[in-house]
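Okay, so here's the structure we're looking at.
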Amino acid sequence: MSTYAQKKGIGATIWDYLTTVDHKKIAILYLIAGGLFFVVGGLEAMFIRIQLAVPNNDFVSAGLFNEIITMHGTTMIFLAAMPLLFGFMNAVMPLQIGARDVAFPFLNSLGFWLFFFGGVFLNLSWFLGGAPDAGWTSYASLSLASPGHGVDFYVLGLQISGAGTLIGGINFLVTIINMRAPGMTYMRMPLFTWSTFVASALILFAFPPLTVGLFLMLFDRMFGANFFDAAAGGNTIIWEHLFWIFGHPEVYILILPAFGIFSEIFATFSRKRLFGYSSMVFATVLIGFLGFMVWAHHMFTVGLGPIANAIFAVATMAIAVPTGIKIFNWLMTMWGGSIRFTTPMLYAVAFIPSFVAGGVTGIMNAVAPADYQFHDSYFVVAHFHYVIVGGVVLGLLAGAHFYWPKMFGTMLNEFLGKITFWLFLIGFHLTFFIQHFLGLMGMPRRVFTFMEGQGLETGNLVSSIGAFFMAAAIIILLINVVITSVKNEKVGNDPWGDGRTLEWAIPSPPPFYNFKQLPLVRGLDPYWLEKMEGKKGMMPAEPIGDIHMPNNSFIPFVLSMGMFIAAFGAMYQVDDKPWAIPVLILGLLIVFGSMFIRSIKDDHGFHIHKEDLLDEDDKEVKA
Amino acid sequence: MAAEQKYTEATWPSSPERATLEGKNKFLGFWLFLGGETVLFASLFATYLALKDKVPSADHALAKDLFEIPLTFMATMLLLTSSLTSVYAMYHMKNFDFKRMQAWLLVTVLLGAAFLGLEIYEFNHYVHEFKHTFTSSAFGSAFYTLVGFHGAHVAVGLGWILTLMIRNAKRGLTLYNAPKFYVASLYWHFIDVVWVFIFTVVYLMGMVG
Amino acid sequence: MKNRLHKWRLLSLFAMIALILSGCGKPFLSTLTPAGEVAQTQFDLMVLSTAIMVLVILVVTVMFIYVIFRFRRKKGDENKIPKQVEGSHKLEIIWTVIPILLLIVLTVPTVSYTFALADVSPMEKKDKDGKTKDALVINVRANLYWWEFEYPDEGVITSQDLVVPTDQRVYFNLKASDVKHSFWIPAVGGKMDTNTDGENQFFLEFDGESAEKVKNQFYGKCAELCGPSHALMDFKVETKSPEEFDQWISDMKSAKAPKAEDGLAKQGEEVFNKSCIGCHAITPNDSRPEQARRAPNLSNFGERSKIAGVMDHSEEDLKNWLEDPEKYKPGNKMTGTYGDLSSEQLDALTAYLMDLKVENK
Ligand code: HEM
Ligand SMILES: [Cu+2]
Ligand SMILES: [Cu+2]
């Protein structure tokens, strides 16, 4: 088995990626697809800000604007932020716990392809009669009233990609529980692994309510059901509950992994162990738990009554406590450290004030009576962008720079990285800070225009200017990626020099079996411990032996494509198109056929033989 | 290759479903999946309770007009028994008695199919006698969605167990397929538990009004 | 580095100036210029929460700045290994307990005002005719993209311009007839959703002094995405002193169906009766059921401050609107419900509509 070392043609490479079950390659797929969707969502954001730069603008029409904000929000949350985080989880988490792969390599690939086809399906709406236009929250009365197929694309696209996400979450949970290297106890797991764990648990329990909500909407829109039709006894508030029971945990699904990335970065570049590790773990778990108790803070103005509002207000405020613990622990990690301001560290440092600003406005939103003013105004737009962009996106950018060498074996250019950072940071605050005031001054959210003479001109213009800075930052990042890939200067195991966790103990990029010998973990920050004792790498926990690896498979791709095809059939049967039902059946046949083949055909994987591994050692020595 | 190795009754491990890493992963992953399914059904139950008896006008049938306990009690007994028979099957799986396992699985499948038959009859009855359909009211939509989701789970379970039985008919038990049988039976139990809730919340509480 | 810092400073300066220039927003629209009990309560809560949060931010900022300047890796430190600290229970307790205390300070008024602002009990006390005893109740019905205001105890219906008395609590029943909207008068108080399933209730109070400062007119908005023209679903609030308000109500109650006299308006009336009356009523005591009231009541159209909520109240804009409503409010429900109008018809309708007045000034 030494084919992996050969140089491959482009066709073979593509085939390899279409069929791969290797978590590191799937990570790259997530990064590429998520990055693509991020650019699409970013373009949509730019259109929004151009339209709102001046009053009474007609850059886009009212209907188109609603499509753009809906797709911007949906794309950024479901197709950009989450998949990008999944990319890093896939790339790093198995290495951090000393595993050769994830628990279910096949399902890992299936999760990716489902997400991908769901995302493509959703975005095809632009070319097939118009995108969804009821907001990313798609509140039931409006989404049922929405003509055309836009909302159908939303429902079906999210259903498919959501299934992928759920599969991914279960996979990560089992991996972390079952596949840790010898000595890697729970309380020795790096914080990024912990946050992956908690975020995956949130996915497991938060996505089913969304699935149900989407089903109800699908039945109402496509099969004549009456869940949300008040005239037939239906109730639209059910959708709001289901959506936010999913939606609030979702924001923690996004932010916790970002917290994890930052925790790694703070420790690494302060050359210090994470301060208050156990309280960090505890806070992460507690945030995950409380995340399920607060959904109705998105519904203070719905009319649930003062008792519900008061309970959810207080519960929401409680989340501030564990979040505060984290902020102080990060500050104390840097305290007394030896801080090196690399690009990832710049992001981490900038994240603290940015996220704190978003956090405190969150608390302000939790004050129910005051939220009657904030809700659905630009104040809320400012708030969630401070947490999502100031938290998640900064985390993603930090992670990209930090883990790039581990994933691709070469460093992103630090100079360009810093330019990206400054442009992005300035643009971010310029865009969103002033939106707090726009909201307070009476500007509702999701408006396609505003009128002169209401005091909203300056703020909107400033905000739009800021957006261009962020766009410029992203362009420079892309240039950086290209330059870096072309140069392709190889780096060693621990390119930052201060790596602490297992992933930095193995080559960059790691061999496809990750660890020739599983490492023996002797404490928190295992690689750092060994380094401090003057050792070069990890102590092995086993002799060199055969390694069992899973086979590649094309089934995940085909199965997901089957869903994609079936979705078209389901959608167009509403219009009585003669081909719709056959297409639906064809799609389902592909889906069930793939499942059938998968369960009929045994897949035992293959073994890398000891001799090959030893051969390789020789080669390394010679080279 | 541990997974494909041939076993005898003596060498067969006591927890065959968890004897390999793949088995362990499958076992845990499936439990987690059932956790997610629980939330899924909880959401459906909540929706049903919110929309129970919500109809556009007074001439629509309500829960107390529709449900008959004898029929659904029969269905409940069928499904409960099938859960028991699947326990027998797993018992024989642990004892490396492939033939008996297959036999009990077959009984399970037959009972499940009978349950589905009753359910189809029941739905048909509501539609024709009471004009209570998926599209007639919010109550109708919620009822058929909740009970129908369960029914779909039963159907998938039947297909799954049958596929496993047929696929492995010739080669007998191995550590590769033992976890598969095991999680399939776990799934079957889950379906059963959900039904107990449906029986209570939808039918029994529906009678009370 | 220098250069970059410079740019950064310039930009933040720019942002600061922008902020100061825009100040607190316009007093007829901004939540920062509270004009009534509800908005004032909410403003006070904002100030309280902001104060607490600024305290937190200050602590974090001080630590933050100290840390990043004090502990940066200096030349010569390349091989220094800082002490690996596990944590500190004392510190952890401090930053758990203090935030809890701060939050308690915030929860107490939050909870008490949540209940206070939800107190609509005066709406329930009815006299024997089923009229609310001693509270003014207004039914708000939100529609794509217009607002209907009904004074149920007076049998008066109007739309687009909400007329209210100052210095007393006004109680609202809120609902939507098509999709969900949200009723928001930022300067006077927070929003409440108008749902398609069930009614919501809340109250507002309009402060007389603040009202005078804004020439007795506040701006209201729809605060829930409801379709293409969501941004254009504005309404105006006319405040009147209690006496003026009573007068207005009695004018509305006694208003008769208007009789156009002069030639042009007369022609307009004919066009109106042919093309428009199916949806628009022209008397305030429209007794049709709400499903039939498919368009704004026009009985006092001549006294309105805006056309369709957003256009100037001028003859020119009225003609523009009638000619092509789609151009001004995309997705509105008036487009295409009546045939094309000739320019004579437009002139006639304009004359007729501008004459629709009820106040005996
Ligand atoms: C270049 C950066 C970005 C800009 C300029 C931007 C701008 C905007 C604007 C103007 C809106 C519409 C607000 C309204 O109409 O009321 C919006 C909505 C939203 N944005 Fe962003 N955004 C950016 C990045 C992001 C990112 C990275 C995320 C998530 C990871 C995100 C998540 C959302 C969400 C969830 C909404 C709400 C959409 C809805 O209401 O349906 N944004 N954004
Ligand atoms: Cu939330
Ligand atoms: Cu609206």
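For the numbers below, each heavy atom of this structure counts, side chains included, while hydrogens, waters and symmetry mates do not. Quick note on labels: first sequence line is chain A, next is B, and so on, each numbered from 1. Bear in mind that the values here come from a model prediction, so they are computed numbers and not experimental data.
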Is the number of heavy atoms from other residues, nucleotides or ligands within 6.0 Å of [atom1] ([X]) greater than 12?
X        : atom1 : answer
A:Phe592 : CZ    : no
A:Phe289 : CZ    : no
B:Phe45  : CZ    : yes

Largest heavy-atom contact set with chain A, pairs under 4.5 Å, which of [options]:
options                              : value
B:Glu37, B:Arg167, B:Lys24           : B:Arg167
B:Gly35, B:Ala50, B:Ala46, B:Ser43   : B:Ser43
B:Ala142, B:Ala42, B:Pro56           : B:Pro56
B:Thr38, B:Thr47, B:Ile166, B:Thr133 : B:Thr47
B:Leu21, B:Asn25, B:Leu164, B:Thr135 : B:Asn25

Are any of the side-chain nitrogens in B:Lys54 or A:Asp229 under 4.0 Å away from the carboxylate oxygens of its partner? no

Report yes if some heavy atom in the side chain of B:Thr145 is under 4.5 Å from a heavy atom in the side chain of A:Phe227; otherwise report no.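 Side-chain contact under 4.5 Å: yes.
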
Could you give the distance from CD1 (A:Ile170) to CH2 (B:Trp31), rounded to the nearest 0.5 Å?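 Rounded to the nearest 0.5 Å, the CD1-CH2 separation comes out at 13.5 Å.
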
Minimum heavy-atom distance B:Thr163-A:Ser599, with the two atoms named: CG2-OG, 4.0 Å

Portion of B:Phe149 that has a non-hydrogen atom of chain A nearer than 4.5 angstrom: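 For B:Phe149, the side chain is the part near chain A, not the backbone.
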
